S.K.: 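Right, I'll just put the structure down here and ask away after.
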Amino acid sequence: MRDTRESRLLLVLLIAIAFALITVDIRGGEQSPLDGARHAAASAFGPVEKGVAAAVDPVADAVAAVRESGERSTRIAELERENTTLKQRLGSDDRNRGRLKELDAMLKTAGRGQYGIKGAQVIAIGAAQGFSWTVTIDIGSNDGVRRDMTVLNGDGLVGRVTTVAPSTSTVLLASDPKFTVGTRMEKTGELGFANGQGDRSLRVELLNGKAAVHEGDRLVTFGSSKDKPFVPGVPVGEVTRVEPAGGGLTRTLQVRPFVGFSKLDIVGVVVQAPREDPRDTVLPPKPEAPKPAPTVTVTVTPGPSVKPED
């Protein structure tokens, strides 16, 4: 396109429309008129993201290499070069071992809470159809995933499903500023609401402004009506700071989330809620305080007295 007055006016018009759509989308929240467009975009781009993720996955490459090796039996030298390249891409098996460790931790978490889950892999960060803190996972409506389902991993609460396509889904992370979840304090049962703050800690408002809270206290999800969007008992985080009460009706806490949102890989969508509230049973045991070092006592025994010679 040539740099003319008409082209510049068209560019300004397109930018104005884009900002208007962003404003409408943000103000609309869950009732945004663009939700249908987001769903359509997820349906269109989801398979592409899933395909790209599979294409760049070294494990998938290894499977493909094995599958095709029969057709290249006469090209031994080329296969050897390909194997060398593949080994360099795979490096050690640390990534695969890490995935297995994440999967094992997630299954144990689901078992303790009696959650029925569908395992998934994060294939994209930040949905193309929005501007929130989101990830795209490789399962969708064909796998039984529905909107407003809880998403967790082996550490705790990841977020909730917001958009579902046939083979992919978008998950709003608990770190998103628009994210809110009801919480319950371990042991005391004090209720509150946690909100995301981007790359900072979660902000929790306790309903009891006089609640006794200390650093290191832990929180789990309180649960929602009919278990959507949140099932109860999922670990949320640990208190790092208690704001001064100041005589207010609520009490503010800063909470470090258990989940590392910047390194998500294997997650699980809760497709079946527990029959009973697991309360604090999903939380891992607290590490025991180090035992004090034993005190060394030195006893001095006086020797026999020696008489001086005359």
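In this chain, residues are counted from 1 in sequence order. From a predicted model like this one, the values you see are computed outputs, not experimental measurements.
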S.K.: Could you work out, with side chain to side chain donor-acceptor pair (under 3.5 Å) as the rule, every residue matching S175, not counting sequence neighbours?
M.R.: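 Counting only residues at least two positions away or on another chain, S175 forms no side chain to side chain donor-acceptor pair (under 3.5 Å).
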S.K.: Return yes when atom CZ of F193 has more than 12 non-hydrogen atoms of other residues, nucleotides or ligands closer than 6.0 Å, and no otherwise.
M.R.: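 No, not enclosed.
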S.K.: Salt bridge (Lys or Arg N to Asp or Glu O under 4.0 Å): which pairs involve residues 209-221, sequence neighbours left out?
M.R.: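 Listed once each, the pairs are E186-R218.
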S.K.: Please determine if K187 and D280 form a salt bridge, counting it only when a charged side-chain N lies under 4.0 Å from a carboxylate O.
M.R.: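 Judged by the 4.0 Å cut-off on N to carboxylate O distance, K187 and D280 do not form a salt bridge.
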S.K.: Less than 4.5 Å apart, side chain to side chain, heavy atoms only: is that true for I137 and Q121?
M.R.: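 Not in contact.
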S.K.: Going by heavy atoms in the side chains, are R147 and T163 under 4.5 Å from each other?
M.R.: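 No; the side chains remain at least 4.5 Å from each other.
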S.K.: In the structure I gave you, are the side-chain heavy atoms of V171 and T162 within less than 4.5 Å of one another anywhere?
M.R.: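 Answer no - side chains too far apart.
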S.K.: Using the test side chain to side chain contact (heavy atoms under 4.5 Å, CB included), find all partners of T250 that sit at least two apart in sequence or belong to another chain.
M.R.: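 Residues passing side chain to side chain contact (heavy atoms under 4.5 Å, CB included) with T250: E205.
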S.K.: Using the rule that Ile, Leu, Val, Met, Phe, Trp and Tyr join whenever any side-chain heavy atoms are under 4.5 Å apart, tell me whether L191 and V282 fall into a single cluster.
M.R.: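 Different clusters: L191 never reaches V282 through Ile, Leu, Val, Met, Phe, Trp or Tyr contacts under 4.5 Å.
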S.K.: Does H214 reach the side chain of V242, with side-chain heavy atoms less than 4.5 Å apart?
M.R.: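 Side-chain contact under 4.5 Å: no.
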S.K.: Write out all pairs satisfying salt bridge (Lys or Arg N to Asp or Glu O under 4.0 Å) with one or both partners inside residues 229-247, taking only residues at least two apart or from two chains.
M.R.: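 Residue pairs with at least one partner in residues 229-247: E238-R256, R241-E243.
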S.K.: Each residue besides V220 in its hydrophobic cluster should be listed here, by chain and number; the cluster joins Ile, Leu, Val, Met, Phe, Trp and Tyr at side-chain heavy-atom distances under 4.5 Å.
M.R.: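 F258, L283, listed by chain and number.
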S.K.: Can I get a per-line list of side-chain donor-acceptor pairs under 3.5 Å for residues 222-230, giving both atom names and the distance, sequence neighbours left out?
M.R.:
{"unit_1": "S224", "atom_1": "OG", "unit_2": "F230", "atom_2": "N", "d": "3.2"}

S.K.: I117 versus V269: any side-chain heavy-atom pair under 4.5 Å?
M.R.: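 No. Closest side-chain heavy atoms not under 4.5 Å.
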